[in-house]
Amino acid sequence: MKQEKSKHKEFLENISVLKWIWSFLLLGPACIGLMVYLLLTSLWPLPVLYLMWQLTDWHTPERGGRRSSFVRNWKVWKHVRDYFPMKLVKTAELNPNKNYILGCHPHGVFSIGAFASFSTEACGFMDLFPGVRSCLCILGGLFKIPLYREYAMATGCCPVSKPSLKHLLSKSGQGNAVVIVIGGAAESLLSLPGVNTVVMKQRKGFVRVALEFGADLVPVYSYGENNMFHQVIFSEGSVGWRLQQLFKKIMSFSPCLFVGERWFWMPYHCPVTTVVGSPILVPKRPFPTQEEVDHYHGLYMESLAKLFNEHKASCGLSDSHELRIV
């Protein structure tokens, strides 16, 4: 029998989710605004000193960052987890003596499932996979934003760039689970409730990196991620679509017009289950051929489709639901 939540618990969950949404959307601009404001006041030495230090610390995000177990275990993340609710499901062991690239699907509007599962301990990643460290890779440009970069690194996030992936997979020892939301901005624009579409067919860079460093590939699917918000989908060729594509080309991400359950910002209460699939063994090939990349990319897509079909019923989808790979 489902336990009734107290008003206090519901309030904490709402505030925690709102905090996360606002952090995602507004914390970066707020940090930039704060630095500019301080430069115009008598406190100008503070931002100047910080910016000087940031220059000396410029490459830290691409060298593993500065993860903080304190930040990853904030209680606010557990309230975010309970709001939906969210859970992380393990289907196979991950060997702590190996490195992995976890491809997470779908992107959704905010990738909240990926963040809660792999950038916090709210869903118990370290308990499920002892000896393995998860690292969610996000846009590199976010680590250029003063102050915001400290927050992102504290959660264990790193840039999704070649130098960053190279460091994590070859210079940070073993037991690294590098998480990449493969579909990116293009996939976020396809996020609709009840729709399971992933952008994969031309996304092969992560497979090439896996071959170069001998990192096993692991498909991950977050059921319910697309149900959090309703989004306005512009038809291809329309003015809105062109503006989104232009913004994506310039900024590497695309703005979505979305609406939640209430207060505009608040996502719908929908269960989100993130299922971690079985590893695909990948040999080390410092200079992989295109045929090898295509082969393992095909194996990955097959494994992802199999994972989706095996768990869709237990995650609330009907047997008629199909995974569409574009």
Side-chain angles (χ1 to χ4, degrees), residues 5 9-10 12-27 65 67-91 94 100 102-130 132-139 142 148 151-158 160 177-184 187-188 191 193 218-229 256 258 260-261 265-277 307 311 315-316:
K5 293 180 182 178
K9 172 62 173 170
E10 288 184 351
L12 290 176
E13 290 177 8
N14 289 333
I15 291 299
S16 298
V17 170
L18 202 57
K19 173 263 175 197
W20 194 92
I21 299 293
W22 284 355
S23 295
F24 188 97
L25 294 173
L26 305 175
L27 184 58
R67 65 196 290 131
S68 165
S69 59
F70 170 71
V71 173
R72 288 173 62 92
N73 283 282
W74 276 352
K75 199 166 184 178
V76 65
W77 308 132
K78 294 183 179 179
H79 292 311
V80 172
R81 175 200 66 193
D82 295 341
Y83 174 92
F84 293 95
M86 293 178 169
K87 68 178 178 178
L88 184 64
V89 175
K90 168 185 176 180
T91 64
L94 296 184
Y100 301 89
L102 277 61
C104 194
H105 315 264
H107 185 287
V109 174
F110 289 120
S111 294
I112 299 180
F115 181 86
S117 297
F118 305 114
S119 280
T120 80
E121 293 304 325
C123 295
F125 181 89
M126 292 187 70
D127 294 330
L128 289 173
F129 302 101
V132 180
R133 298 177 299 277
S134 61
C135 173
L136 180 62
C137 291
I138 60 176
L139 289 175
L142 296 174
Y148 184 87
Y151 170 74
M153 283 193 288
T155 64
C157 289
C158 287
V160 61
V178 179
V179 184
I180 304 175
V181 184
I182 306 297
E187 197 171 270
S188 69
S191 173
V218 182
V220 178
Y221 201 87
S222 285
Y223 298 86
E225 182 74 42
N226 284 346
N227 297 334
M228 296 181 186
F229 296 95
C256 301
F258 64 90
E261 185 176 24
W265 304 94
M266 296 300 292
Y268 285 83
H269 288 80
C270 57
V272 178
T273 304
T274 302
V275 182
V276 180
L307 177 74
H311 296 273
C315 294

| said: Listing request: all salt bridge (charged side-chain N to carboxylate O under 4.0 Å, His left out) pairs with a residue in residues 103-118, at least two apart in sequence or in separate chains. | reply: none

| Under the side-chain hydrogen bond (donor to acceptor under 3.5 Å, both in side chains) test, which residues partner Ser222, sequence neighbours left out? | Thr274

| said: Please enumerate all residues that pass side-chain contact (heavy atoms from CB on, under 4.5 Å) together with Ser191, with sequence neighbours excluded. | reply: Val109, Asn226, Gln231

| message | Once rounded to the nearest 0.5 Å, what's the spacing between atom CH2 of Trp22 and atom CG of Leu25? | response | 10.5 Å

| field | Closest approach of Gly103 to Ile182 (non-hydrogen atoms, all atoms of both residues) | value | CA-CG1, 3.8 Å

| task | Supply the atom-to-atom distance Ser119 OG to Ile138 CD1, rounded to the nearest 0.5 angstrom. | result | 7.5 Å

| note | Value for CG (Leu94) from CZ (Phe129), rounded to nearest 0.5 Å, stands at 4.5 Å

| message | Would you compute the distance between atom CG of Leu18 and atom CD of Glu13 and round it to the nearest 0.5 angstrom? | response | 13.5 Å

| request: Output the distance between atom OH (Tyr151) and atom OG (Ser23), rounded to the nearest 0.5 Å. | output: 4.0 Å

| request: Considering non-hydrogen atoms only, spot the tightest contact between Asp127 and Pro130 and give its length. | output: O-CD, 3.7 Å

| Heavy-atom count around Met266 CE within 6.0 Å, excluding the residue itself: above 12? | yes

| note | Closest heavy-atom pair, Ala177 versus Val132, reported as atoms and distance to 0.1 Å, is CB-CG1, 3.7 Å

| message | List the residues meeting side-chain hydrogen bond (donor to acceptor under 3.5 Å, both in side chains) with Glu261, not counting sequence neighbours, and say none if there are none. | response | His269

| note | In Lys5, Lys75, Lys78, His79, the residue satisfying side-chain contact (heavy atoms from CB on, under 4.5 Å) with Leu12 is His79

| query | Is any side-chain heavy atom of Phe118 less than 4.5 Å from a side-chain heavy atom of Val181? | reply | no

| note | Taken in chain and number order and not counting sequence neighbours, the residues that satisfy side-chain contact (heavy atoms from CB on, under 4.5 Å) with Val76 are Ser16, Lys19, Trp74

| task | With side-chain contact (heavy atoms from CB on, under 4.5 Å) as the test, would you mind laying out the steps for Tyr221 and Cys315 before giving the verdict? | result | CA-CA 11 Å; Tyr221 201 87; Cys315 294; over 6 Å; no

| request: For the pair Glu225 (side chain) and Ile112 (backbone), establish whether a donor and an acceptor sit closer than 3.5 Å, ignoring hydrogens and angles. | output: yes

| task | Using side-chain contact (heavy atoms from CB on, under 4.5 Å) as the criterion, list what pairs up with Pro193, not counting sequence neighbours. | result | Asn227, His230

| Side-chain donor/acceptor of Ser68 to backbone N/O of Val71, under 3.5 Å | yes

| query | Can you tell me if Glu121 uses its side chain to pair, donor with acceptor, with the backbone of Met126 under 3.5 Å? | reply | yes

For a quick test of your reading: what N or O donor-acceptor pairs under 3.5 Å do the side chains of residues 80-88 make, sequence neighbours left out?
from: Arg81; atom 1: NH1; to: Ala122; atom 2: O; distance (Å): 2.7
from: Asp82; atom 1: OD2; to: Lys9; atom 2: NZ; distance (Å): 2.8
from: Tyr83; atom 1: OH; to: Pro267; atom 2: O; distance (Å): 2.5

| Least distance between heavy atoms, Val272 atom then Gly113 atom | CG1-CA, 4.3 Å

| query | Any idea which heavy atoms bring Tyr223 and Leu307 closest together, and the distance? | reply | OH-O, 3.1 Å

| query | Taking all non-hydrogen atoms of both residues, which atom of Leu128 and which atom of Cys123 are closest, and how far apart? | reply | CD1-O, 4.3 Å

| query | Mind checking what makes side-chain hydrogen bond (donor to acceptor under 3.5 Å, both in side chains) contact with Ser134, not counting sequence neighbours? | reply | Arg72

| query | Residues in side-chain hydrogen bond (donor to acceptor under 3.5 Å, both in side chains) with Asn73, at least two apart? | reply | none

| note | Ile15 meets the side-chain contact (heavy atoms from CB on, under 4.5 Å) criterion, sequence neighbours left out, with Phe11

| said: Run the salt bridge (Lys or Arg N to Asp or Glu O under 4.0 Å) test against Arg133 and tell me which residues pass, sequence neighbours left out. | reply: none

| task | Please test Thr91 against His311 for side-chain contact (heavy atoms from CB on, under 4.5 Å), starting from the C-alpha separation and ending with a verdict. | result | CA-CA 10 Å; Thr91 64; His311 296 273; 3.6 Å; yes

| task | Check ring-ring contact (aromatic ring centres under 6.0 Å, His included) between Phe115 and all other residues, then give those that pass, not counting sequence neighbours. | result | Trp20, Trp77

| Rounded distance [0.5 Å steps], SG in Cys135 versus CE in Met153 | 11.5 Å

